[in-house]
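Input: a single structure, listed below in structure tokens.
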There are 2 protein chains.
Amino acid sequence: MKSEHIPKATIERLAVYLQILGNLGRDGVNIISSDKLAQACKVNPSQIRKDLAYFGEFGVRGVGYYIQELITAIKQSLGIDRHWYCALVGVGNLGRALLRHNEFARRGFIIRGAFDCDQDKIGKVESGLEVICSKRLKTKVRDLGLEIGIITTPPERAQRAADYLVESGIKGIINFAPARIAVPEPIPVEYVDYFHQFYALAFHITLSQHRA
Amino acid sequence: MKSEHIPKATIERLAVYLQILGNLGRDGVNIISSDKLAQACKVNPSQIRKDLAYFGEFGVRGVGYYIQELITAIKQSLGIDRHWYCALVGVGNLGRALLRHNEFARRGFIIRGAFDCDQDKIGKVESGLEVICSKRLKTKVRDLGLEIGIITTPPERAQRAADYLVESGIKGIINFAPARIAVPEPIPVEYVDYFHQFYALAFHITLSQHRA
DNA sequence: TTGATTTTGTTACTTTTTTCACAAATCAGC
DNA sequence: GCTGATTTGTGAAAAAAGTAACAAAATCAA
């Protein structure tokens, strides 16, 4: 099998597989079967084989998957076998926290530009990056080769940030602001709000208590 | 309709509806139809009606939904029409960032205990909370009425943190550590890792470039 | 080399989720 | 109070995702 439409859930699971394979690899394991990996991820083994089948044949029948090879294959499939340069728009509390968070670079997402439209912030230096006026995004995106935009503005300014980013030729957007944004069709947007998971947890706890 | 099994995707969408309704409410809108809300969320209007139908009848035929009422109804459905007291385990960089992040309290998730097993950290004060030895979780969970555990340890210590939390009688866990954890059946766990969204974005960008 | 055993890749089947379509309810104007 | 215009709630249909089952490939022992 190869390509066609790939379910969103598959992409999410690939990220999980990657996480677990990484931990296993660090523990010195070399080979794993879909069955064992499935146990570790708490999914169905067929599910794993099917998810991987969208991208190619990475296993060896009768043997299983070579962990390092599989990690490489999944990274390639997701497009994270390379660096991505990012623009961060909105240098507030959250923005600053992300700029300081060096996990970004470790995972291959390198924030190379920090932008804000507040005159008081422009010119200041945050984690080694000078804060630049959002209106200058276009030039910077071109000059620095930025491909991903990270929105960390307050919700009411998220749409404007998105507009600047789109206009500047950015290729995709991660929106941390608690607001939906509208962008032209081809540009993918992902929303991040970990309170959604808190809500889901509150729901599940409440549900099980209601049953009891 | 009422209760039965509710899709995970429905819960996620309810959180999105809530976000958008909140923003609309602040803008002074009072009533909205499933059609308009659907446009704002970029989902199918039937989807919205069906999602809500799992929990009750909140709309008025021929009219639409009263926004404030709907917000209340969704919050009740999710179980976030109340406060939740939380225990945070693992006072590293991420843990400290979350402790400082006052959005938690604003959204009704109040972190009332900070725990770590590192002797150097125990006794120190972070954002007004004294860091307590993880082994004392049980007493504190009882005395402070903590219901949700937030794991922010390094991945290799996530399972132990989970074990302490489960033993202490916690009702649910949010795991920020990049590792899967095993807990007894009835206790719900939600995983938070925003790099998954970065991966999804990288994938979509790569895909569309491949097509071009 | 053959046969037993393992485990993948893939097709067929099952279940779940989403979308469609329409009756039931509401409201405004006459 | 009736008529027409809306818009919900919901059962039926369609689409999508997940699971099971098995042939094909690989390994190993005899």
Side-chain angles (χ1 to χ4, degrees), chain A residues 1-17 20-21 24 29-74 77 200 203-204 207, chain B residues 1-17 20-21 24 29-74 77 200 203:
Chain A
M1 211 186 284
K2 199 84 193 236
S3 75
E4 78 192 81
H5 172 254
I6 289 155
K8 190 180 156 60
T10 291
I11 301 299
E12 236 169 89
R13 280 191 298 268
L14 286 180
V16 173
Y17 303 157
I20 289 172
L21 290 168
L24 285 169
V29 186
N30 289 318
I31 294 187
I32 194 165
S33 66
S34 57
D35 240 312
K36 287 275 162 50
L37 183 57
Q39 275 177 267
C41 308
K42 292 186 180 151
V43 300
N44 184 298
S46 297
Q47 183 81 85
I48 294 184
R49 298 202 293 275
K50 188 157 227 186
D51 285 340
L52 296 175
Y54 284 115
F55 299 95
E57 301 190 10
F58 307 125
V60 182
R61 294 178 191 211
V63 178
Y65 299 91
Y66 291 93
I67 289 188
Q68 291 311 324
E69 278 181 30
L70 188 53
I71 289 176
T72 305
I74 293 178
S77 305
F203 168 72
H204 288 300
L207 194 72
Chain B
M1 209 187 284
K2 200 81 192 241
S3 74
E4 77 192 81
H5 171 256
I6 289 156
K8 189 180 157 61
T10 290
I11 301 300
E12 234 168 89
R13 280 191 299 266
L14 286 181
V16 174
Y17 304 158
I20 289 172
L21 290 168
L24 284 169
V29 186
N30 289 318
I31 295 188
I32 194 165
S33 67
S34 57
D35 239 312
K36 287 275 162 52
L37 183 57
Q39 275 177 267
C41 309
K42 290 183 181 156
V43 300
N44 183 298
S46 299
Q47 183 82 84
I48 294 184
R49 297 202 294 275
K50 188 145 249 185
D51 284 340
L52 296 174
Y54 285 115
F55 298 96
E57 301 190 10
F58 307 126
V60 182
R61 294 178 189 208
V63 178
Y65 299 91
Y66 291 92
I67 289 189
Q68 290 311 324
E69 278 181 29
L70 187 53
I71 289 175
T72 305
I74 294 178
S77 305
F203 168 71

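Nothing here was measured: the structure is a model prediction, and the numbers come from that model. Below, all heavy atoms of this structure are taken into account, side chains as well, without hydrogens, waters or symmetry copies. Numbers restart at 1 for each chain; the letters A, B, ... are given by sequence-line order, proteins then strands.
- The side chain to side chain contact (heavy atoms under 4.5 Å, CB included) check on B:Ala40 picks up B:Ile20, with sequence neighbours excluded.
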Give me, pair by pair, the N or O atoms of the protein and of nucleotides 16-21 of chain C that are less than 3.5 Å apart, along with how far apart they are.
residue, atom, partner, partner atom, Å
C:dT18, OP1, B:Arg13, NH1, 2.9
C:dT18, OP2, B:Arg13, NH2, 3.0
C:dT18, OP2, B:Gln47, NE2, 3.4
C:dT18, O5', B:Gln47, OE1, 3.4
C:dT19, OP2, B:Gln47, OE1, 3.2
C:dT19, O4, B:Lys50, NZ, 3.1
C:dC20, OP2, B:Asn44, ND2, 3.2
C:dA21, N6, B:Arg49, NH2, 3.4

What protein N or O atoms touch nucleotides 27-30 of chain C N or O atoms at under 3.5 angstrom, if any, and at what distances?
none

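- Across every non-hydrogen atom of B:Ser77 and B:Phe58, the tightest pair is OG-CZ, 4.2 Å.
- B:Pro7 is listed as a side-chain neighbour of B:Tyr54, based on a closest heavy-atom distance under 4.5 Å.
- Here the side chains of B:Leu70 and B:Tyr17 are not in contact, with every heavy-atom distance at 4.5 Å or above.
- Checked against side-chain hydrogen bond (donor to acceptor under 3.5 Å, both in side chains), B:Ser34 has the following partners two or more places apart in sequence or in another chain: B:Arg49.
- With sequence neighbours left out, the side chain to side chain contact (heavy atoms under 4.5 Å, CB included) criterion links A:Asp35 to A:Ser33, A:Pro45.
- Taking the side chain as every heavy atom from C-beta outward, A:Leu14 and A:Phe55 approach each other to under 4.5 Å.
- Heavy-atom distances under 4.0 Å link DNA chain D to B:Ser33, B:Ser34 of residues 29-39 of chain B, given in residue order.
- Taking atom CD1 on A:Ile67 and atom P on C:dT7, their separation rounds to 14 Å, with Å as the unit.
- The CG atom of A:Leu24 sits 10.5 Å away from the CG atom of A:Asn30 when rounded to the nearest 0.5 Å.
- Between A:Gln47 atom CD and A:Leu52 atom CG the span is 10.0 Å, to the nearest 0.5 Å.
- Phosphate proximity of D:dG9 to B:Tyr65: present, with a side-chain N or O under 4.0 Å from OP1 or OP2.
- Side-chain contact between A:Leu21 and A:Tyr65: absent, with no pair of heavy atoms (C-beta onward) separated by less than 4.5 Å.
- In this structure, the CG atom of A:Leu70 is 12 Å from the C1' atom of C:dT8, given to the nearest Å.
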